[in-house]
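Model, not experiment: these values are computed from the prediction. Naming convention: chains lettered A, B, ... in sequence-line order (proteins, then strands); numbering from 1 in each chain.
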2 protein chains.
Amino acid sequence: MPDLHPTFDGMVRRLERRSPLGEDDRRALKHVQHSLRRVPAGGHIIRDGDRPEYCSLLLSGFAYRYKITGEGARQIISIHMAGEFLDLQNGFLQLADHSVQTLTEAEIALIPSQVIEELALTRPAIGRTLWIDTLIDASIFREWVVNVGRRDSRARVAHILCEFSLRLEAAGLAKGHTYELPMTQEQLADAVGLTSVHVNRVLKQLGEQGLISRDKRRLVIEDWARLRDVGDFNERYLHHDATAMAA
Amino acid sequence: MPDLHPTFDGMVRRLERRSPLGEDDRRALKHVQHSLRRVPAGGHIIRDGDRPEYCSLLLSGFAYRYKITGEGARQIISIHMAGEFLDLQNGFLQLADHSVQTLTEAEIALIPSQVIEELALTRPAIGRTLWIDTLIDASIFREWVVNVGRRDSRARVAHILCEFSLRLEAAGLAKGHTYELPMTQEQLADAVGLTSVHVNRVLKQLGEQGLISRDKRRLVIEDWARLRDVGDFNERYLHHDATAMAA
DNA sequence: CGGTCGTTTGATTACGATCAAACGAAGTGG
DNA sequence: CCACTTCGTTTGATCGTAATCAAACGACCG
């Protein structure tokens with residue numbers, strides 16, 4: 001289903017929204033040395049403990065990062081959509097500290113770590129925007145710590161649904177608080193630190209109260225203001241307005 | 001109690017362990033433009049929503065980052081010790097998405113965001129090491145998501161005690177799995193997503209089972225192997241061996 | 001048409017929260 | 001120097017949210 005001639009445009013557009021790029025930077029990014037790979041739904045891109053020599057850029061589809069505890073429980077750490085880097089950290093850290101798996105069939109570009117590093121360190125505008133990208137990633141991790149650490153089940157689920165809505169919309173993959181969420185309830189549960197059974201009950205309740213409605217994987221946020229309230233959601237941590245001026 | 005002539009040596013040593021620096025880089029770091037500030041215990045360094053113009057470097061003492069939920073609950077997001085940057089992200093993102101507060105009296109160096117940014121973007125070796133610093137920060141956040149999301153109370157507490165031990169030792173602030181932890185049980189609870197009452201019970205139990213012993217704020221890990229096991233602790237995420245070669 | 005995967009619902013359990021109170025140490029003021 | 005307060009720790013009793021266990025159902029697929 002995803003396009004067979006994927007481009008780097010989405011990634012460049014995303015980066016550019018955060019920090020200005022020159023025409024040469026744009027060209028350098030769009031023509032970075034890379035190889036393409038198509039990964040089936042549920043396929044692994046990186047495994048915890050790997051020593052990857054590439055950074056993966058998601059060109060189409062969805063993916064997520066996760067860790068498994070000693071007890072065998074899975075915690076999903078982040079969700080990624082087309083245009084996002086999946087493991088920029090592998091450009092600088094040599095051992096993967098978590099795994100990355102696709103949610104849907106996906107196309108990824110593998111960019112050698114060395115190449116990413118060189119781009120980031122020799123072209124200030126690119127370094128700046130990639131750095132901001134990393135920092136926003138970290139900001140989302142912090143919010144997730146709060147979400148699983150201090151919010152009750154209703155709020156956790158509502159919060160993540162709000163986050164998805166804004167991120168998908170920013171990526172051009174949703175509009176009007178309506179989107180296709182390619183995750184099972186079990187995956188959702190592993191993202192918010194609950195069981196799938198309980199997530200199911202929370203979703204049902206949110207539906208009954210008119211905050212959302214669902215049809216298969218399609219989700220409509222019927223009452224954004226209330227869902228936002230229930231989820232204690234403040235979008236500041238997404239830094240979507242991060243139009244930081246150039247130095 | 002902290003020294004009155006704090007230096008940047010600790011920070012430089014930390015950064016250098018991760019990625020090599022030239023003599024000129026070292027000098028540039030040690031003589032960065034900055035101002036000093038002394039903050040009492042419990043004082044705020046940054047507040048959520050601030051628009052800070054500086055990055056703070058902790059020269060002595062301890063600090064932590066946190067967020068408050070709509071319900072008024074606090075989640076501590078990270079703990080910091082002398083030599084660490086408290087908010088490198090403020091060099092590139094203009095709105096603080098969380099607060100930073102001291103645990104003890106502390107000395108901090110305020111470095112203008114512009115200056116940090118220029119250093120990072122014009123000196124590749126510095127950019128590289130600061131980037132790695134940011135990436136390791138993010139790796140710790142990810143582990144904390146797992147800790148609060150998927151581990152039971154015993155494991156959560158044990159895990160964070162293990163993390164502290166290794167980080168303090170790496171910073172030269174502890175040895176032999178023995179350290180002074182300047183946190184109340186309530187702060188510990190807010191770091192692991194539990195209540196202080198429950199943290200107290202877990203600590204008591206860990207003590208009774210001979211895994212740790214305590215005297216005031218002094219903590220001794222009596223049985224590292226077992227505590228590590230109970231806490232499902234694998235130090236890989238700390239990337240202390242991140243002696244990544246230069247490009 | 002059977003089989004697998006994901007969703008949904010029900011019944012019961014348990015872990016950690018909450019409420020409450022006492023205790024000890026350190027600091028303050030009379 | 002000693003009451004008195006404050007802050008943090010400790011312990012006990014009870015409660016409630018979400019986990020667990022179990023089973024049925026629906027959709028999609030070969």
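Within residues 210-217 of chain A, the residues having any heavy atom closer than 4.0 Å to DNA chain C are, in order of number, A/R214, A/R217. In the region residues 151-159 of chain A, proximity to DNA chain D at under 4.0 angstrom, judged on heavy atoms, holds for A/D152, A/S153.
Around atom CD of B/E71, no more than 12 heavy atoms belonging to other residues, nucleotides or ligands sit under 6.0 Å away. Annotation: B/Y54, atom OH; neighbour count of heavy atoms from other residues, nucleotides and ligands within 6.0 Å does not exceed 12. Within 6.0 Å of the CD atom in A/E186, the count of heavy atoms belonging to other residues, nucleotides or ligands does not exceed 12.
B/R151 and B/E143 are joined by a salt bridge, as a carboxylate oxygen and a charged side-chain nitrogen come within less than 4.0 angstrom of each other. Taking the charged nitrogens against the carboxylate oxygens, A/D137 and A/R65 do have a contact shorter than 4.0 Å, which makes a salt bridge. Salt-bridge annotation for A/R228 and A/E235: present, with a side-chain N of the basic residue lying under 4.0 Å from a carboxylate O of the acidic one.
Bracketed by its first and final contacts, the part of DNA chain C lying under 4.0 Å from non-hydrogen atoms of chain A reaches from C/dG6 to C/dA11 in 5' to 3' order.
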Pick out the pairs of N or O atoms, protein on one side and nucleotides 12-14 of chain D on the other, that lie under 3.5 Å.
| unit_1 | atom_1 | unit_2 | atom_2 | d |
| --- | --- | --- | --- | --- |
| D/dG12 | N7 | B/R201 | NH1 | 3.2 |
| D/dG12 | O6 | B/R201 | NH2 | 3.3 |
| D/dA13 | N6 | B/R201 | NH2 | 3.0 |

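Computed from coordinates, the B/L181 CG to D/dG8 P distance equals 14 Å when rounded to whole Å. Counting to the nearest Å, the C1' atom of D/dT20 and the NE2 atom of A/H198 are 13 Å from each other.
A/S60 and A/E107 share a donor-acceptor pair across their side chains, judged by distance under 3.5 Å alone.
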Using distance only, find each side-chain donor-acceptor pair of residues 209-216 of chain B under 3.5 Å and give its atom names and separation, not counting sequence neighbours.
| unit_1 | atom_1 | unit_2 | atom_2 | d |
| --- | --- | --- | --- | --- |
| B/Q209 | OE1 | B/R154 | NH1 | 2.7 |
| B/S213 | OG | B/E222 | OE2 | 2.6 |

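Taken over five-pair windows at either terminus, the axes of the helix from C/dC1-D/dG30 to C/dG30-D/dC1 are inclined to one another by 30° (rounded to 10 degrees).
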